[in-house]
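Each chain gets a letter, A, B and so on, in the order the sequences are listed, and its residues count up from 1.
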2 protein chains.
Amino acid sequence: MSANSRLTIAAHALAWIGLYQRQGHEVATSEQIATSANTNPVVIRRLLGELRRAGLVESRRGAGAGWSLARELESMTLLDVYEAVEPGPLFAMHRTTPDQECVVGHGIQPAMQGIYEGIEETLRQELARVTLENVLRDVLAAPR
Amino acid sequence: MSANSRLTIAAHALAWIGLYQRQGHEVATSEQIATSANTNPVVIRRLLGELRRAGLVESRRGAGAGWSLARELESMTLLDVYEAVEPGPLFAMHRTTPDQECVVGHGIQPAMQGIYEGIEETLRQELARVTLENVLRDVLAAPR
DNA sequence: TCTGTCGTAACAATTAACGTTGCGACTGCC
DNA sequence: GGCAGTCGCAACGTTAATTGTTACGACAGA
């Protein structure tokens with residue numbers, strides 16, 4: 001698990017844009033964010049593109065182009081970000097269909113499916129309790 | 001996320017061994033389990049090896065060799081299995097250190113660390129609520 | 001028209017999980 | 001004592017997802 005920093009980078013980008021806008025700037029560029037996150041601008045553009053599809057950010061093209069928040073940080077939760085950037089379920093089933101002739105092979109997938117759905121629902125509730133405003137506050141509270 | 005069926009396969013194997021033992025057999029072989037899970041015996045042996053290190057199963061070598069439960073299914077939870085087979089944390093940080101000169105780059109990792117720890121603790125509690133006995137019961141309850 | 005940035009495709013690099021083969025080690029049974 | 005069945009484990013190939021990189025057209029303000 002977790003070769004996966006998409007949620008972290010997305011939160012980083014949103015916090016960066018939010019802070020930058022509070023400092024009076026209109027838009028933030030993918031290059032600025034990429035420098036802060038120490039990665040490539042295209043990686044940031046890809047992630048922000050998914051956040052735009054989810055209605056969390058907007059982008060402007062042409063000269064003076066860049067990214068801005070579509071909503072206040074208070075109204076965005078980690079769940080919004082998670083659902084925007086994480087494609088699949090948390091736990092995966094077998095990659096190949098188990099032996100349906102076997103009692104266990106036959107019943108294991110529906111069984112685990114039901115269990116996993118409950119767990120993921122709880123995870124979602126936890127993610128929904130954290131707003132990006134919370135994240136930014138924690139970021140600024142870090143000792144230097 | 002979730003290129004990861006380790007927890008599912010491990011639960012499958014434990015349920016299989018548990019049911020097999022209830023049918024009066026002493027030990028189960030990795031080949032039997034692999035047939036049920038539709039995978040390779042070595043994959044099963046690797047997983048069960050981790051479960052053995054966690055004290056959930058035992059293995060016997062030589063003739064009449066195989067695997068058996070070290071504890072009752074009622075006393076095993078998905079958390080025990082999860083901790084035995086999942087190495088890292090659920091969410092990862094940046095793969096490269098963010099720009100420490102930037103306020104956000106400097107504070108983002110401690111901020112996310114704290115948030116993630118709380119969420120993973122909740123996940124652990126959820127996993128701890130499901131025993132392997134629950135899993136086996138759900139497996140046997142599946143319609144055929 | 002020029003310039004800076006997004007949008008997106010294409011491909012390489014990296015990483016983790018999964019699959020497969022091979023072979024030595026072990027132990028009950030003949 | 002030898003045989004047969006299975007584990008233990010190393011080695012390597014395969015697959016898939018993410019991340020990193022390069023390239024280039026599209027867009028819009030100056």
- request: Check every atom of D:dT6, D:dG8, C:dC6 against the side chain of A:R45 and return the nucleotide holding the closest atom.
  value: C:dC6

- request: Kindly point out which of D:dT19, C:dG7, C:dT21 is positioned nearest to the side chain of A:R52?
  value: C:dG7

- request: Please report, rounded to the nearest Å, how far the C1' atom of D:dC27 is from the CZ atom of A:R61.
  value: 5 Å

task: Using only side-chain N and O atoms of B:T39, determine if any of them is under 4.0 Å from OP1 or OP2 of C:dC18.
output: no

- prompt: Considering only D:dC7, D:dA11, D:dT21, which nucleotide approaches the side chain of B:S59 most closely?
  reply: D:dC7

query: Between C:dT20, C:dC6, D:dT18, which nucleotide has the shortest distance from any of its atoms to the side chain of A:P87?
result: D:dT18

query: Has the side chain of B:R95 got a donor or acceptor atom sitting under 3.5 Å from an opposite partner on the base of D:dG20?
result: no

message: So, OP1 or OP2 of D:dC7: does either fall under 4.0 Å of a side-chain N or O from B:T29?
response: no

task: Check the distance between D:dA16's C1' and B:R6's CZ and give it to me in whole angstrom.
output: 16 Å

message: Using modelled atom types and a 3.5 Å cut-off, is there a donor and acceptor pairing between side-chain atoms of A:T8 and backbone atoms of B:A92?
response: yes

query: B:S30 has a side chain; which of C:dA17, D:dC7, C:dT21 sits nearest to it?
result: D:dC7

task: To the nearest 0.5 Å, tell me how far B:E50 CD sits from B:E83 CD.
output: 13.0 Å

statement: Whole-Å distance, A:M93 CE to D:dA16 C1', equals 19 Å

message: Under 3.5 Å, is there any donor-acceptor pair linking the side chain of B:R60 to the base of D:dG5?
response: no

- request: Measure from the side chain of B:A65, starting at C-beta and using heavy atoms only, and say which of D:dT22, C:dT21, D:dC7 lies closest.
  value: D:dC7

field: Sugar-phosphate only, base, or nothing, as touched by A:G64 at under 4.0 Å among non-hydrogen atoms
entry: nothing

- request: Please report, rounded to the nearest Å, how far the C1' atom of C:dT15 is from the CG atom of B:N4.
  value: 13 Å

message: Tell me the interatomic distance from B:I33, atom CD1, to D:dT6, atom C1', rounded to whole angstroms.
response: 12 Å

message: Between B:L136 and B:L14, is the side-chain contact (heavy atoms from CB on, under 4.5 Å) condition met? List the steps.
response: CA-CA 9 Å; B:L136 179 55; B:L14 287 171; over 6 Å; no

task: Please determine, for the side chain of A:S5, which listed nucleotide (D:dG20, D:dT19, C:dT21) has the closest atom?
output: D:dT19

- request: Answer with base, sugar-phosphate or nothing: what part of the nucleic acid does B:A63 contact at a heavy-atom distance below 4.0 Å?
  value: base

- request: May I ask you to decide whether B:E86 forms a salt bridge with B:R124, counting only side-chain N to carboxylate O separations under 4.0 Å?
  value: no

- request: Figure out the CD/C1' separation between B:E31 and C:dG19, and round it to whole Å.
  value: 15 Å

- prompt: Under 3.5 Å, side chain of A:D138 to main-chain N/O of A:V135, donor-acceptor pair present?
  reply: no

- request: Could you verify whether a donor N or O on one side chain and an acceptor N or O on the other, from A:S36 and A:H12, lie under 3.5 Å apart?
  value: yes

Separation of D:dA17 C1' from A:E86 CD (nearest whole Å): 11 Å

message: Output the rounded distance in Å from CG (B:L47) to P (D:dG8).
response: 13 Å

